[in-house]
Amino acid sequence: MPAVTDEQVERVRALVASIPPGRVATYGDIASAAGLSSPRITGWIMRTDSSDLPWHRVISASGRPAEHLRTRQLELLRAEGVLASDGRVRLTGPDSVRHVFDLA
DNA sequence: AATGTGACGTGAC
DNA sequence: GGTCACGCCACAT
């Protein structure tokens with residue numbers, strides 16, 4: 001029995017793909033929406049299987065991208081209108097760009 | 001089997 | 001707002 005099922009991976013992929021341009025979601029949001037037991041699993045999936053996804057719309061809850069992605073991710077986000085102040089995307093407050101998944 | 005690593009999160013301070 | 005410790009969990013050595 002695999003620790004992470006293909007179905008869960010597909011669910012994560014679908015969720016990431018469903019994030020509209022100009023919005024972002026956190027690893028934790030995706031983990032809970034996909035039924036994963038830990039946000040780290042989301043990170044693991046993105047690390048291994050992110051090739052054909054808008055991975056740049058997935059960000060840590062602090063709004064700060066991991067160091068090895070910092071430049072690239074902020075550039076891609078800026079290109080679709082997501083502004084970062086001091087290398088940090090605003091995930092709290094009225095001007096938050098955080099995406100909330102609708103559980104239809 | 002044990003330890004290390006990581007695209008994370010939360011709570012304490 | 002920031003740092004630190006700890007929990008978390010799959011994978012690699």
Side-chain angles (χ1 to χ4, degrees):
Chain A
M1 192 68 171
V4 176
T5 66
D6 288 354
E7 184 182 343
Q8 292 190 304
V9 173
E10 285 310 310
R11 259 194 275 174
V12 168
R13 293 175 53 78
L15 285 165
V16 173
S18 77
I19 305 171
R23 297 285 216 72
V24 299
T26 72
Y27 294 92
D29 290 341
I30 294 167
S32 66
L36 300 180
S37 47
S38 163
R40 279 194 180 276
I41 313 278
T42 309
W44 172 73
I45 293 174
M46 296 306 290
R47 189 183 56 182
T48 59
D49 188 21
S50 68
S51 46
D52 52 350
L53 289 175
W55 58 269
H56 55 280
R57 296 180 194 148
V58 183
I59 200 169
S60 55
S62 62
R64 203 180 72 147
E67 180 58 26
H68 53 288
L69 295 173
R70 186 173 60 73
T71 308
R72 180 130 156 104
Q73 182 159 21
L74 291 180
E75 177 185 3
L76 288 167
L77 286 175
R78 190 182 37 159
E80 43 184 66
V82 178
L83 302 181
S85 62
D86 196 38
R88 177 158 61 73
V89 176
R90 188 173 287 278
L91 293 173
T92 62
D95 49 343
S96 168
V97 292
R98 185 179 191 160
H99 175 64
V100 181
F101 294 106
D102 272 339
L103 313 178

task = Nearest whole angstrom, please: distance from the P of C/dC9 to the CD1 of A/I45.
result = 14 Å
inquiry  = Closest approach to the side chain of A/S60, judged atom by atom: which nucleotide of C/dA10, B/dG9, C/dC9 is it?
reply    = B/dG9
Nearest-nucleotide comparison on DNA chain C, the residue closer to the 5′ end among A/P39 and A/R47 = A/P39
task = Using a 4.5 Å cut-off on heavy atoms from C-beta on, say whether the side chain of A/S62 contacts that of A/R88.
result = no
message = With rounding to the nearest 0.5 angstrom, report the CG to CD distance, A/L36 to A/Q8.
response = 5.0 Å
ask   = How would you label the contact of A/S50 with the nucleic acid (heavy atoms, under 4.0 Å): base, sugar-phosphate, or nothing?
value = base
message = Please pick, from B/dA7, B/dG9, C/dA10, the nucleotide with the shortest atom-to-atom distance to any side-chain atom of A/V4.
response = C/dA10
task = Nearest whole angstrom, please: distance from the P of B/dG6 to the CG of A/L36.
result = 21 Å
ask   = Salt-bridged, A/E67 to A/R70, with N to O below 4.0 Å?
value = yes
note = Side-chain atoms of A/S38 come closest, of C/dA10, C/dC9, B/dA7, to C/dC9
task = Could you please name the option among B/dG9, B/dA7, C/dA10 that lies closest to any side-chain atom of A/I41?
result = C/dA10
G-U wobble or Watson-Crick pairing nucleotide for C/dC9 (cut-off 3.5 Å, both distances) = B/dG6
task = Name the nucleic acid region contacted by A/R88, choosing base, sugar-phosphate or nothing; use a 4.0 angstrom heavy-atom cut-off, strictly under.
result = sugar-phosphate
ask   = A/Y27 side chain: which of B/dA7, C/dA10, C/dG1 is closest?
value = B/dA7
remark   = Atom NE2 of A/H68 and atom P of B/dT5 are separated, to the nearest Å, by 15 Å
inquiry  = Without decimals, in angstroms, what is the distance between A/R70 CZ and B/dG6 P?
reply    = 18 Å
task = Find the distance A/R64:CZ to C/dG1:P and express it as a whole number of Å.
result = 12 Å
key: Residue A/A61, side-chain heavy atoms: nucleotide from B/dG9, C/dA10, B/dA7 that is nearest   = B/dG9
message = Any side-chain to backbone donor/acceptor pair from A/Q73 onto A/V58? Under 3.5 Å, distance only.
response = yes
query = Just by modelled atom types, is the A/Y27 backbone N or O under 3.5 Å from a matching donor or acceptor in the A/T42 side chain?
reply = yes
message = Heavy atoms only, 4.0 Å cut-off, all strands: where does A/L69 land among base, sugar-phosphate and nothing?
response = base
ask   = Can you check the A/M46 CE to B/dA7 P distance for me, whole Å?
value = 12 Å
task = Could you check which of C/dC11, B/dG9, B/dA7 has an atom nearest any side-chain atom of A/W55?
result = B/dA7
